[in-house]
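Okay, structure first, notes after.
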Amino acid sequence: MELGRLEYLQALVTEFQVTDSTGNKCRCSLALCASSVSSLTRPFSIAEAKEQVLANLANFAYDPSNYEYLRQLQVLDLFLDMLTEDNDTLVEFAMGGLCNLCLDKTNKEYILEANGVEPIINCLSSSNEETVVSAVTTLMFLTTPRSHVQTTALPVVECMLRFSLSANTRLSNLASIFLQDYCSPPQVEEARNLSKHTAVGIPLPKD
């Protein structure tokens, strides 16, 4: 796909936009590149078509050679926009795509400048485990001396304290790393003291 990489990604973005605006069912030939052969025999609903395309874009975000193209096609903005969707699957794929992209310094700066931290923090309240894990990991990657105040705000630290007590080992381990490596002892202590006086908190994701 090397020679046609940009064109292929452009086709995926265009397909997502067309699917989003037409309100029609489609077969989504490009989006099906990672799907089973049997699924080729039936049309996709609007939601399924969007999910398939977004899943493919998130997968391409794994590869650093795609970063420049994805920025050029404004896929980072697309992922950020999808974080506020009611469709949990779209949010999961968008959050996963951002998690893949933010290891890159340029992408990280773009997300921070686009005020992307707040919608990512909001994803901590998702009932979808994959979304929450991606959100926690992304907050780690986005933490810089400049963004530290926002990525480790008190509600976030409170949330990580709750996650660290989860029976979900994957989530509890990740939250413990966040608290140890990205939060100061005074931050953790303040959040712990505040948690003792309130029953309100971000709900744990479903196992």
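All values below were derived from every heavy atom in this structure, side-chain atoms included, with hydrogens, water molecules and symmetry-related copies excluded. Not measured: the values here are computed from a predicted model.
- Of the charged side-chain nitrogens involved, none lies within less than 4.0 Å of a carboxylate oxygen, so that R71 and E68 do not count as a salt-bridged pair.
- In this structure, Q74 and V13 have side chains that are not in contact, with every pair of non-hydrogen atoms separated by 4.5 Å or more.
- Side-chain N/O atoms of Q180 and S176 include no donor and acceptor closer than 3.5 Å.
- Note: N66 CG to Q72 CD = 12.0 Å, rounded to the nearest 0.5 Å.
- The side chain to side chain donor-acceptor pair (under 3.5 Å) search around T151 returns T143, not counting sequence neighbours.
- Between atom CG of residue L73 and atom CG of residue L12 there is a gap of 9.5 Å, rounded to the nearest 0.5 Å.
- Applying the side chain to side chain donor-acceptor pair (under 3.5 Å) rule to T144 yields the partners S147; only residues at least two apart in sequence or on another chain are considered.
- Each of T131, N128, N87 was scored for a side-chain hydrogen bond (donor to acceptor under 3.5 Å, both in side chains) with E92, with one residue passing: N128.
- For the pair M95/S126, no side-chain contact is recorded, criterion being any heavy-atom separation below 4.5 Å from C-beta on.
- Within the 4.5 Å cutoff, no side-chain heavy atoms of N59 are placed close to those of F93.
- Side-chain atoms of E48 come within 3.5 Å of backbone N or O of S45 as a donor-acceptor pair.
- Both Y182 and V117 are part of a single hydrophobic cluster, where members link through side-chain heavy atoms under 4.5 Å apart.
- Two rings, from F163 and F178, have their centers 6.0 Å or more apart.
- Summarising the geometry, atom CG belonging to L139 is positioned 9.0 Å from atom CD belonging to Q150; distances are rounded to the nearest 0.5 Å.
- Counting heavy atoms from C-beta outward, I111 and I120 have side chains that approach closer than 4.5 Å.
- Looking only at distances, no side-chain donor or acceptor of K50 sits under 3.5 Å from a matching main-chain atom of L90.
- Here the shortest heavy-atom pairing between A175 and S164 reads CB-N, 3.6 Å.
- Checking side-chain atoms of E15 against main-chain N and O of V53 turns up no donor-acceptor pair under 3.5 Å.
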